[in-house]
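Input: a single structure, listed below in structure tokens.
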Amino acid sequence: MNKTGFFRFKKLDSEYLLTNDLGDFVMLKPRDFKDFREGKLKKDGPVYQELDQKFFTSKSFNCENCQQRLINRYSRYREYLSSGPGLHIIVVTLRCDHACRYCHASSKSMKRYDLDMNKDTAGKVVDMIFETTSPSINVEFQGGEPLANFEIVKFIVNRVLEKNKKVKKRLRFSLVSTMTLLDDKKLNWLHSKKISLCSSLDGPEKLHNKNRPKLDGKNGYLGTIKGIKKAKKKYKDLRYQVNALITTTRDSLVYPKQIVDEYVKLGLRDIHLRYLNPFGMAKKLQKTIGYSPKEFIRFYKTALDYIIELNKKGVDIRERWVKMITQKAFTDNDPNFLDLRSPCGAGIGQLAYHYNGDVYTCDEGRMIGQMGDETFKLGNVHKNSYQEIMSSPVTKSLCVASTLDGLAGCSDCVYLPYCGVCPVFNYAEEGDIFAQAPNNFRCQVNTAIMDHIFQKFQDPKVLKIFRKWLGK
């Protein structure tokens, strides 16, 4: 009789990392790993007891109460599968006052008013949003620069609030902006509606301005910093924080500590060390601003190690990758980050609405559409019903293509409980939504990041810091 439950494993440094479908993990010394596989571990020993408690042994499956606990935990861990699209990304305009080198959204000139969403389309977008089966709705305004079409932002928010008086879903609004068009009138209104704000900050002034130049030639860094500071001060009385995102280019790789310092200086508690996606201008300029997986991982490790040292000195700064993986590994509450789940969030966790009413599986799918390829378009709010959108063959295909248990190279990976694939990324890189492979850039980077994080878990002092980031 098999003495073990189902698990995946890999050798990590001198020990073996084991994980199971609940997201539990253990680290075993080679001798304990051998004894466990052969059914020779002492059942009254601490190693076996840990394995049994975390559902790695056959014994933990053979009692009715244990089975029910396992079912309850797995259901909670995969709760997102029963919801439906909760994130609704609305591109209210393609106009923008920046010309970012890596612009994923393929933004256009501020004079192109024909690229603004109008009220008729906005109204139909809101109507479709309320067709979702999800009990929670997060409306996220994107662009271009959403503040350039602020009247439509206001129109959508007010319409959502009015419609929700009857259905009473949990609502959240967020707006992603360069902050350079943020004046007091707009800020006061955003604050009054409790709309969370997120900007883009790539690091120190010289780096930020090189990555994200303004169309008028002015100093975009100064405008963004001014906007972030103003928003932080205004939002001090709300539980919503003002956040920022970094996009890493080749020029960023030599500034890991300086980039972190920039976030600390502004009092931003979270930093997400993101790599480039192969969409929009980033795809066209790959040879100029791109890098290899090894180069990014070197940058990431240096930045994370610096963040850990800052935390040891009492500085409150958290890295988002680590925070999400820690939550997945130590709790049953999946953070539902749509890029790190199985299946991914495309279509079933999020929908993206273009300024003209076109509906896409996700924001990345919409970016591919802007590049002239409508593979990930699901329909249009003026022509198609919510049922037609959700039953699209495109939606179904992306579900299949991102369910890790059925993907070669993913189904037996030790990091399956914590990872996810992006079929749109695979399509952009290799022309195939099923092309996730060990040589894939995203796979190499995700694996190396998780190797580093799980190695850090073995240091009690570092693990204490990571768990503190979860409020534990």
Side-chain angles (χ1 to χ4, degrees), residues 84-96 103-134 137-164 167 169 171 173-177 195 279-280 338 345-398 424:
L87 175 60
H88 298 266
I89 298 173
I90 306 177
V91 178
V92 294
T93 182
L94 282 182
R95 293 188 295 127
C96 187
C103 182
H104 296 130
S106 301
S107 298
K108 306 298 180 184
S109 165
M110 286 290 284
K111 297 178 181 180
R112 290 289 307 274
Y113 292 96
D114 58 312
L115 301 178
D116 283 1
M117 180 177 284
N118 59 41
K119 285 188 177 182
D120 181 39
T121 300
K124 291 187 181 300
V125 167
V126 173
D127 291 342
M128 182 168 286
I129 287 173
F130 275 90
E131 292 287 323
T132 182
T133 53
S134 174
I137 293 176
N138 180 8
V139 176
E140 179 177 303
F141 296 102
Q142 290 260 16
E145 170 52 64
L147 294 181
N149 193 13
F150 194 61
E151 289 305 310
I152 288 296
V153 171
K154 292 165 64 176
F155 173 82
I156 291 172
V157 170
N158 289 330
R159 185 164 181 133
V160 167
L161 291 172
E162 185 62 32
K163 286 182 74 72
N164 200 49
V167 295
K169 291 180 181 287
L171 289 182
F173 298 99
S174 54
L175 185 142
V176 181
S177 168
I195 297 174
F279 313 127
L338 302 182
I348 62 171
Q350 68 171 306
L351 291 172
Y353 307 86
H354 209 25
Y355 76 95
N356 62 358
D358 286 343
V359 185
Y360 294 87
T361 54
C362 49
D363 203 31
E364 291 79 6
R366 189 263 306 186
M367 293 171 186
I368 294 290
Q370 276 298 105
M371 296 168 68
D373 186 336
E374 298 288 17
T375 296
F376 303 100
K377 180 178 171 181
L378 302 177
N380 186 284
V381 296
H382 294 286
K383 301 175 182 178
N384 301 100
S385 68
Y386 177 78
Q387 287 71 25
E388 289 172 330
I389 295 291
M390 293 306 297
S391 60
S392 165
V394 178
T395 303
K396 296 174 183 177
S397 297
L398 264 63
V424 183

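Everything numeric here is computed off the predicted structure, so don't read it as measured data.
For the atom pair OG of Ser391 and NZ of Lys396, the computed distance is 6.0 Å after rounding to the nearest 0.5 Å.
Partner of Asp116 under the side-chain contact (heavy atoms from CB on, under 4.5 Å) criterion, chosen from Thr93, Leu94, Asn356: Thr93. The only option from Ile152, Ile156, Val126 that meets the side-chain contact (heavy atoms from CB on, under 4.5 Å) definition with Ile90 turns out to be Ile156.
When atom types are taken as modelled, the side chain of Ser134 and the backbone of Ile137 share no donor-acceptor pair closer than 3.5 angstrom.
Within the 4.5 Å cutoff, the side chain of Val424 has heavy atoms near those of the Cys362 side chain. Under the 4.5 Å side-chain criterion, counting only non-hydrogen atoms from C-beta, Val160 is in contact with Phe130. The shortest side-chain heavy-atom distance between Glu131 and Ile389 does not fall under the 4.5 Å cut-off. Looking only at side-chain heavy atoms (C-beta outward), Met390 and Pro85 come within less than 4.5 Å of each other. Looking at heavy atoms from C-beta onward, Glu140 lies out of side-chain contact with Asp363 at the 4.5 angstrom threshold.
A salt bridge links Lys154 and Glu151; the closest N-O separation between the charged side-chain nitrogens and carboxylate oxygens is under 4.0 Å. A salt bridge is defined here as a Lys NZ or Arg NE, NH1 or NH2 lying under 4.0 Å from an Asp or Glu carboxylate O, and Asp127 with Lys124 fails to meet this definition.
Closest approach of Pro146 and Phe141 over heavy atoms only: CG-O, 3.9 Å.
Ring planes of Tyr360 and His354: perpendicular class, angle over 60° (limits at 30 and 60°).
Under a cut-off of 6.0 angstrom, the local environment of NZ in Lys383 is sparse, with at most 12 non-hydrogen atoms contributed by other residues, nucleotides or ligands.
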Using the rule given for side chain to side chain contact (heavy atoms under 4.5 Å, CB included), can you reason through Thr375 versus Val394, listing the C-alpha separation, both sets of side-chain angles and the distance that settles it, and then say yes or no? CA-CA 8 Å; Thr375 296; Val394 178; 5.8 Å; no
